[in-house]
Amino acid sequence: MKVAVLISSRGSNMQALVKASLAEDFPAEIVTVLSNNPDAAGLEFAKSHNIPTEVINHRDFENREDFDQAISDYMESKQIDLICLAGFMRLLTPEFVNRWRDRIINIHPSLLPAFKGLHVHERAIESGARFTGCTVHIVRPEMDDGPIIVQAAVPILQDDTPDTLAARILVQEHRIYPEALKLMAERRVKIHGSVVKIEDAREDETSLTNPLA
Ligand code: GRF
């Protein structure tokens, strides 16, 4: 499976995906890392791992439709099967999402459907919830919406700040995003309306059965 990873800045999730994909038996190949931001730090990492990079700067386009069309054209030129959003901070148009339906996945640092959108760690702490986490899901036109592939939960501790909580969640993000990509590449992610069922889920795929694993 040919995969494109879309980033906007740091790209630590992209790094986790790249590292996982370098394993000999990994069923997906990351063929390009694309950024809307020419200064995204993650681009250097991709280059240093000989992964082709591309910048499509949203500022060069008059509207979202044209920007998304340019991304779509680029994906087609690379014969991309799956798009992984990894800290890609641009909203995609419904036309783009529908054009690539069931072929775009995203990671979000909360247990969706709780805390969609921005400032999620701050909002999770302020809510008084005892747990939060991260989610990899199939992308639908609504922001942070779509069938859930994998989640991991982490506790919210009494003295957490948004930064300490974000760091605890990020560790789990780096674990579950490669896991979700692998499931997609193995074509074991079966979408039934708004619900994903993993075909032949094994007991050792712990985060599928035990979110605190
Ligand atoms: C991550 O927390 C991800 O869940 C969210 O944006 C952040 C991106 O971080 N969508 P990085 O660029 O992958 O380091």
Side-chain angles (χ1 to χ4, degrees), residues 3-22 28 30 32-49 51 53-58 71 82-92 96-97 100 104-127 129 131-156 160-184 207 211:
V3 175
V5 185
L6 273 54
I7 64 170
S8 292
S9 56
R10 180 177 59 180
S12 70
N13 278 289
M14 175 272 295
Q15 294 187 25
L17 294 175
V18 166
K19 284 178 191 160
S21 74
L22 294 176
I30 295 172
T32 185
V33 171
L34 181 145
S35 176
N36 63 303
N37 168 14
D39 301 321
L43 290 170
E44 290 311 313
F45 173 89
K47 283 180 197 155
S48 71
H49 285 72
I51 295 173
T53 60
E54 181 77 8
V55 173
I56 299 182
N57 190 338
H58 61 281
I71 296 181
L82 182 74
I83 298 172
C84 294
L85 306 181
F88 184 67
M89 301 305 283
R90 305 299 302 170
L91 279 179
L92 294 163
F96 182 93
V97 175
W100 293 88
I104 314 173
I105 63 176
N106 179 47
I107 187 152
H108 181 76
S110 77
L111 289 176
L112 290 174
F115 307 120
K116 298 179 177 186
L118 297 174
H119 310 297
V120 284
H121 308 106
E122 200 175 327
R123 286 162 50 216
I125 291 170
E126 279 170 8
S127 77
F131 290 91
T132 181
C134 47
T135 304
V136 182
H137 65 99
I138 308 274
V139 171
R140 292 288 180 254
E142 293 287 308
M143 184 179 57
D144 299 325
D145 184 49
I148 291 166
I149 307 168
V150 186
Q151 288 187 311
V154 305
I156 300 177
D160 263 336
T161 64
D163 285 348
T164 59
L165 180 58
R168 190 173 311 119
I169 294 173
L170 198 62
V171 172
Q172 298 304 316
E173 292 186 43
H174 296 165
R175 184 175 68 82
I176 68 168
Y177 210 175
E179 198 172 320
L181 173 57
K182 185 163 185 274
L183 290 169
M184 290 294 291
S207 71

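One-based numbering, in listed order, for ligands and for the atoms of each.
The shortest N or O to N or O distance between G11 and ligand 1 is under 3.5 Å. Remark: ligand 1 and L170 share no N or O pair separated by less than 3.5 Å (distance only, no angle test). For ligand 1, the polar-atom distance check against S9 finds no nitrogen or oxygen pair separated by under 3.5 Å.
Side-chain contact between S35 and T53 is absent, with no heavy-atom pair separated by less than 4.5 Å.
Contact detail for H121 and P162: the closest heavy-atom pair is CB-O, 3.8 Å. Heavy atoms only, all atoms of each residue included: D160 and R168 are closest at OD2-NH1, 2.7 Å.
Nearest protein heavy-atom neighbour of atom 9 (O) of ligand 1: R10 NH2, 3.1 Å. I107 O, 3.1 Å is the protein heavy atom nearest to atom 10 (N) of ligand 1. In terms of protein heavy atoms, atom 1 (C) of ligand 1 is closest to E173 OE1, 3.1 Å. The protein atom (non-hydrogen) at minimum distance from atom 6 (O) of ligand 1 is G87 CA, 3.7 Å. In this structure, the protein non-hydrogen atom closest to atom 11 (P) of ligand 1 is S12 N, 3.3 Å.
With rounding to the nearest 0.5 Å, the separation of CG in D163 from CD in E122 is 10.0 Å. Here the CD1 atom belonging to I176 is positioned 4.5 Å from the CD1 atom belonging to I107, to the nearest 0.5 angstrom.
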Taking distance alone, no hydrogens or angles, what donor-acceptor pairs closer than 3.5 Å link side-chain atoms of residues 38-45 to residues at least two apart or in another chain?
none

